[in-house]
Amino acid sequence: MSKSRDIPVTNATKPFQAKLATPFAVLGIRTEEDWLTDIEYLPLDTPPLLPRNSLAKEVYKQLQAYLIHSNFVFDLSLHISGTVHQRRVWQAIQGIPCGETRCYGDIAAQLHSAPRAVGRACGANRIPIIVPCHRVIAKNGGLGGFMNASDGYPLDIKRWLLDHEST
């Protein structure tokens with residue numbers, strides 16, 4: 001049984017500039033000019049792709065560093081397009097330290113929003129890991145959702161990332 005069936009692909013028409021194999025997925029990296037624009041979780045059986053430009057090479061290198069040391073601090077130029085609310089949520093999420101989590105309600109209270117709106121913004125995040133939406137969990141301590149899914153392989157990815165950061 002392939003675990004790839006549950007991984008949504010969002011920008012299938014735009015080519016990747018690199019694909020990095022990880023223990024939990026292949027990370028499809030997209031760049032435009034001097035900006036990182038997307039990281040997608042691709043099925044584990046997706047063939048890797050060495051970086052095709054200098055920015056993709058830098059993103060690839062920094063993601064590899066994160067996989068070795070979970071507390072690695074990313075230093076990349078990001079192109080994050082979204083609504084004002086989404087950008088505020090993503091900025092708040094970037095402030096969650098490695099190894100810690102916040103619940104959707106905490107972020108909502110901080111931004112004078114609602115937990116579901118925070119969850120929708122997390123689901124719309126196009127630069128996961130760098131913008132660590134996996135660090136946002138349910139109020140009861142459960143995982144909550146991930147990649148617009150409430151079960152299946154996306155939650156396995158979230159669990160892997162949180163476990164990686166707790167060691």
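Please read these numbers as outputs of a predicted model, since none were measured by experiment.
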Any Val59 side-chain heavy atom under 4.5 Å of Ile130 side chain | no
Any side-chain donor paired with an acceptor under 3.5 Å for His79 and Glu33?
-> no
What distance do Cys133 atom SG and Arg126 atom CZ have between them, rounded to the nearest 0.5 Å?
-> 13.5 Å
Quick one: does Tyr60's side chain get under 4.5 Å of Leu50's, heavy atoms only?
-> yes
So OH of Tyr104 and OG of Ser113: to nearest 0.5 Å the spacing works out to 13.5 Å
With side chain to side chain contact (heavy atoms under 4.5 Å, CB included) as the test, would you mind laying out the steps for Asn125 and Trp90 before giving the verdict?
-> CA-CA 7 Å; Asn125 176 17; Trp90 299 331; 3.7 Å; yes
Identify the residue among Thr101, Leu155, Val136 that makes a side-chain contact (heavy atoms from CB on, under 4.5 Å) with Leu143.
-> Leu155
Sidechain N-carboxylate O distance under 4.0 Å for Glu32, Arg30 | no
Could you tell me which non-hydrogen atom of Pro47 sits nearest to which non-hydrogen atom of Lys19, and how far apart they are?
-> O-CD, 3.4 Å
Quick one: are Ile96 and His134 in side-chain contact, heavy atoms under 4.5 Å?
-> no
Distance in Å, Glu58 CD paired with Ser77 OG, rounded so as to fall on 0.5 Å steps | 10.0 Å
Say you draw a straight line from CZ of Phe24 to OH of Tyr153; how long is it, rounded to the nearest 0.5 Å?
-> 8.0 Å
Would a 4.5 Å heavy-atom cut-off, applied to side chains only, mark Leu76 and Trp35 as touching?
-> no
Are Phe16 and Leu27 close enough that some pair of their side-chain heavy atoms sits under 4.5 Å apart?
-> no
Evaluate the criterion side chain to side chain contact (heavy atoms under 4.5 Å, CB included) for residue pair His164 and Tyr66; output intermediate values, then yes/no.
-> CA-CA 10 Å; His164 174 62; Tyr66 166 79; 3.7 Å; yes
Between the side chain of Gln62 and the main-chain N/O of Asp75, is any donor-acceptor distance below 3.5 Å?
-> yes
Dump the intermediate steps for side chain to side chain contact (heavy atoms under 4.5 Å, CB included) on Asp38 and Ile29, then the final yes or no.
-> CA-CA 6 Å; Asp38 295 272; Ile29 300 165; over 6 Å; no
Would you please test Ile80 and Ile127 for side chain to side chain contact (heavy atoms under 4.5 Å, CB included) and show each step?
-> CA-CA 8 Å; Ile80 303 177; Ile127 309 176; 3.7 Å; yes
